[in-house]
S.K.: 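Pasting a structure here, questions to come.
All figures in this text were calculated on a predicted structure; none of them were measured in a lab. Order of the sequence lines fixes the chain letters, A, B, ..., with proteins taken first and strands second; residue numbering starts at 1 for each chain.
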Amino acid sequence: MLLFAANRVVRALLVILFATFLVVALLSIAPGSLAVTLLGDAATPDAIADLEARLGLDEPLWEQYSSWLGDAVTGDLGTSLRTRQDVLDAVVERLPVTLELALLALVIALLVAVPMALLAANRPGSLVDRVSTFLASVGLALPAFVVAPVLVYFLSLKAGLFPVAGWERIGDGLGDNLHHALLPAIGVAIPEIAAFQRLLRTDLDSTLHEDFISAARARGMPSGYVLWRHALRPSSFSLVTLAGISFGRLLGGTVIVEAVFSLPGLGSLIAGSISARDVIMVQGAVAFIVVAYVVLNTLVDIGYGFLDPRVRREAVR
Amino acid sequence: MTVVDPGVGSPLQPADDPGPRLPAVRAHRSWLVALSAGWLALVVLAAVLAPVLPLTDYGQVAGPPRGKPELSLDGLLGYDVLGRSMLSRIVSGAQASLLVGVVSGLIAFVVGSFLGLLAGFLRGVVDTVISFVTDTLLAFPPLVMLLALASVLRPSIGTLIVSLSLLMTPTFARLARANTMRWASREFVMAATNMGAGLPRLMGREVLPNVLPSVAAYLPVVIAALIVAEGSLSFLGLGVPAPTPSWGGMINDGQDLISRFPNLVFVPAATILLTVLALNIVGDRLRVRFGERTR
């Protein structure tokens, strides 16, 4: 187990090093001069040289990265080109909104997807199964930028159930906070519901063909009980993995929803910084998300190996 | 198919357990697949025939601003904020979305399959390097990677295609690598090796033809994902640049007026939903048919 965990941690570190190198290198490998792209074609040569010096683009790539990495491990991701704000401060300030959105979306997705999959797997091929599976296909085809405006139209503007936009911090009252967070979270959750339903439905199906299920049924246990107490747990391994990976992905995947509802999260920080041509802010935020994503995935990996001995033997071999 | 003795029911299956009822599912799926293929054909046809269709140009004012749908060709889906024909913009949007989705999907497919084939067949250092690079690229959440690229690139169809192919290449490389490893240890490959076949022949003629169908079966689903990705970027104003219409951009344009003119958002939203849904349904069918055949 220790060997397996060490193996994963080393791999994660290597991936983080290379990924952050790519993030830093992005400023240099963009075709043409980045400074010209940022300042526009009308920029004077002096302004271009000045910006290049500020971005460190006049140094060789390797030195750019080593100085970036040296700063980054001490928690310095640079300062914004526009607002002069410390990048890490900005990220940490925006993080709670995105974290809450991602967590809430994950909870909603699991709460909806698990019953949907259980109902579908209970009677394969039945009407319930087909409707549930079809709904999941539709959900997969509903990206946030399609579903969020539609949700706003029906639930906020027509039914008046939720605010159209805006955010209340948890500190200012949980009720208000949830009132503002729920609709965006539903928007984020819909494609996840679909993915979870599909995965669990497939896994349940193969579990239900195992002998111990037939044995339980032969002893006359009601099918709902068999499904819930016997089949769900052994079928939910990949669901747990996927949920962990989804959570990491959602940290960078709430951009659209944050834009629709004008929420002050990480995603809107990145989108706003791109429009403001604030490459340092984008670089820092992206590096932060990538590291968080890799760390989460590694934890899920190790946790999975902890639960299922077959995985760790396979991986070390 | 399981052969069941007609006289005696299986003792382990209660009467109400229908068991694996595959034929029923397939019969139900077939009309869905047919409908999906029909819709995709319609979208592709509209995009290809756009220049000769008797529609007003997508940039030209064709009716009243924000006009309701009416019974004319231009006004069938209503008019946008400036009075341009929604139908014409949807058709041009189809051109952009399909072009970007299909071209970058194909580039990723070709490059990814090649890298995956190399890694899976040669193993060793080549495999380590290629797998490490794919793992690293997959360490970027998809939208974050696209945003990072968008922050340093000028938005254009060309840069979109580059970014989106880069996004999907690791996926194809992984698929191709896994499939190659399954086939590379088979007897006929060993036989060819013993008969003195060189690497190009082994990889190109023995392994590749078996790997390609399973990998290509993922193309529709990947193209659907790419259309979604392009839509997300265009929605944020970082995708297809302004005068050219795109479905994501149309949703963004109509968003502020959704309370009074919902069709400005609903028309492009429904178009994306149907197209992505159709691609997924057709793709699922192809995956069942061709995907992972060695299992």
Side-chain angles (χ1 to χ4, degrees), chain A residues 11 14-16 18-19 22-23 26-27 30-32 34 37 123-126 130 134 137-138 140-147 149-150 152-153 157 205 209 211 214-215 217-218 223 248-253 255-256 259-260 267 270-271 273-275 277 279 282-283 286 289-290 293-294 297, chain B residues 11-14 16-22 24-25 28 32 132-133 135-137 139-145 147-154 159 224 228-229 231-232 234-238 248 251-252 254-255 258-259 262 265-266 268-270 272-281 284:
Chain A
R11 254 177 58 181
L14 288 176
V15 165
I16 285 176
F18 189 46
L22 288 182
V23 173
L26 199 57
L27 302 190
L34 179 66
T37 312
R123 285 162 185 269
S126 68
R130 281 185 272 159
F134 181 72
S137 307
V138 175
L140 277 182
L142 280 174
F145 69 96
V146 171
V147 82
V150 176
V152 168
Y153 179 73
L157 294 167
D205 202 47
H209 285 99
D211 291 343
S214 309
R217 283 189 174 149
S223 73
R249 191 165 39 76
L250 288 182
L251 289 184
V255 184
I256 305 282
V260 173
I270 296 181
S273 303
I274 293 176
S275 331
R277 303 203 165 285
V279 280
V282 177
Q283 187 186 56
V286 168
I289 290 178
V290 170
Y293 186 50
V294 175
N297 282 353
Chain B
L12 290 182
Q13 280 187 350
D16 66 338
D17 176 20
R21 209 189 266 167
L22 271 178
V25 176
H28 150 76
L32 253 185
F132 181 63
V133 174
D135 281 355
T136 308
L137 289 177
F140 290 80
L143 198 51
V144 169
M145 181 194 227
L147 288 175
L149 288 168
S151 71
V152 294
L153 299 173
R154 284 170 202 240
T159 53
V228 168
S232 307
S234 299
F235 177 80
L236 292 171
L238 301 167
I251 295 185
N252 190 26
Q255 215 199 145
I258 191 173
S259 58
V265 169
F266 284 17
I272 294 182
L273 168 65
L274 290 178
T275 308
V276 174
L277 184 61
L279 278 168
N280 281 343
I281 289 174
D284 282 348

S.K.: At a 4.5 Å cut-off on heavy atoms, which part of V228(B) comes close to chain A: side chain, backbone, both, or neither?
M.R.: both
S.K.: Where do A148(B) and V282(A) come nearest, in terms of heavy atoms and distance?
M.R.: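 The answer is CA-CG1, 4.4 Å.
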S.K.: Measure across I274(A) and S151(B) and return the closest heavy-atom pair with its distance rounded to 0.1 Å.
M.R.: CG1-CB, 3.8 Å
S.K.: Against chain B, label V147(A) side chain, backbone, both or neither, depending on which of its atoms sit under 4.5 Å from a heavy atom there.
M.R.: neither
S.K.: Quick one: pull up CZ in F132(B) and CG in L14(A) and give me the separation to the nearest 0.5 Å.
M.R.: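 Reported to 0.5 Å precision, the distance equals 5.0 Å.
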S.K.: If the condition is ring-ring contact (aromatic ring centres under 6.0 Å, His included), which residues does F266(B) pass it with, not counting sequence neighbours?
M.R.: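 F266(B) satisfies ring-ring contact (aromatic ring centres under 6.0 Å, His included) with Y153(A), F154(A) once adjacent residues are dropped.
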S.K.: The test is side chain to side chain contact (heavy atoms under 4.5 Å, CB included); show your working for N252(B) and F145(A) and say whether it passes.
M.R.: CA-CA 8 Å; N252(B) 190 26; F145(A) 69 96; over 6 Å; no
S.K.: Can you say whether A139(B) sits under 4.5 Å from chain A via the side chain, the backbone, both, or neither, judging by heavy atoms?
M.R.: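 When you check distances to chain A, atoms from both the backbone and side chain of A139(B) fall under 4.5 Å.
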S.K.: Do you know which of I16(A), V255(A), D205(A), L251(A) has the most heavy-atom pairs under 4.5 Å to chain B?
M.R.: V255(A)
S.K.: Let me confirm one number: the OG-CG distance from S275(A) to L236(B), rounded to the nearest 0.5 Å.
M.R.: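 S275(A) atom OG to L236(B) atom CG measures 8.5 Å (nearest 0.5 Å).
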S.K.: Applying side-chain contact (heavy atoms from CB on, under 4.5 Å) between T136(B) and each of V290(A), V294(A), V15(A), report the one that passes.
M.R.: V15(A)
S.K.: Do you know which of V150(A), N297(A), I270(A) has the most heavy-atom pairs under 4.5 Å to chain B?
M.R.: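 Highest number of pairs under 4.5 Å: V150(A).
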S.K.: If you round to the nearest 0.5 Å, how far is CD1 of I289(A) from CE of M145(B)?
M.R.: 13.5 Å
S.K.: Under a 4.5 Å heavy-atom cut-off, does chain B meet the side chain of A19(A), its backbone, both or neither?
M.R.: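 Looking at A19(A), backbone and side chain both touch chain B.
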S.K.: Which atoms form the tightest heavy-atom contact between V286(A) and F140(B), and what is the distance?
M.R.: CG1-CE2, 4.2 Å
S.K.: With only heavy atoms counted, which part of L149(B) is less than 4.5 Å from chain A, the side chain, the backbone, both or neither?
M.R.: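 Contact with chain A: backbone and side chain both.
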S.K.: With a 4.5 angstrom heavy-atom cut-off, which part of F18(A) approaches chain B: side chain, backbone, both or neither?
M.R.: both
S.K.: According to side-chain contact (heavy atoms from CB on, under 4.5 Å), who are the partners of L273(B), at least two apart in sequence or on a separate chain?
M.R.: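 Applying side-chain contact (heavy atoms from CB on, under 4.5 Å) to L273(B) gives V138(A), A141(A), L142(A).
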S.K.: Measure L250(A) against the heavy atoms of chain B and call it side chain, backbone, both or neither at under 4.5 Å.
M.R.: neither
S.K.: With a 4.5 angstrom heavy-atom cut-off, could you sort out which part of I251(B) is near chain A: side chain, backbone, both or neither?
M.R.: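 The side chain, not the backbone.
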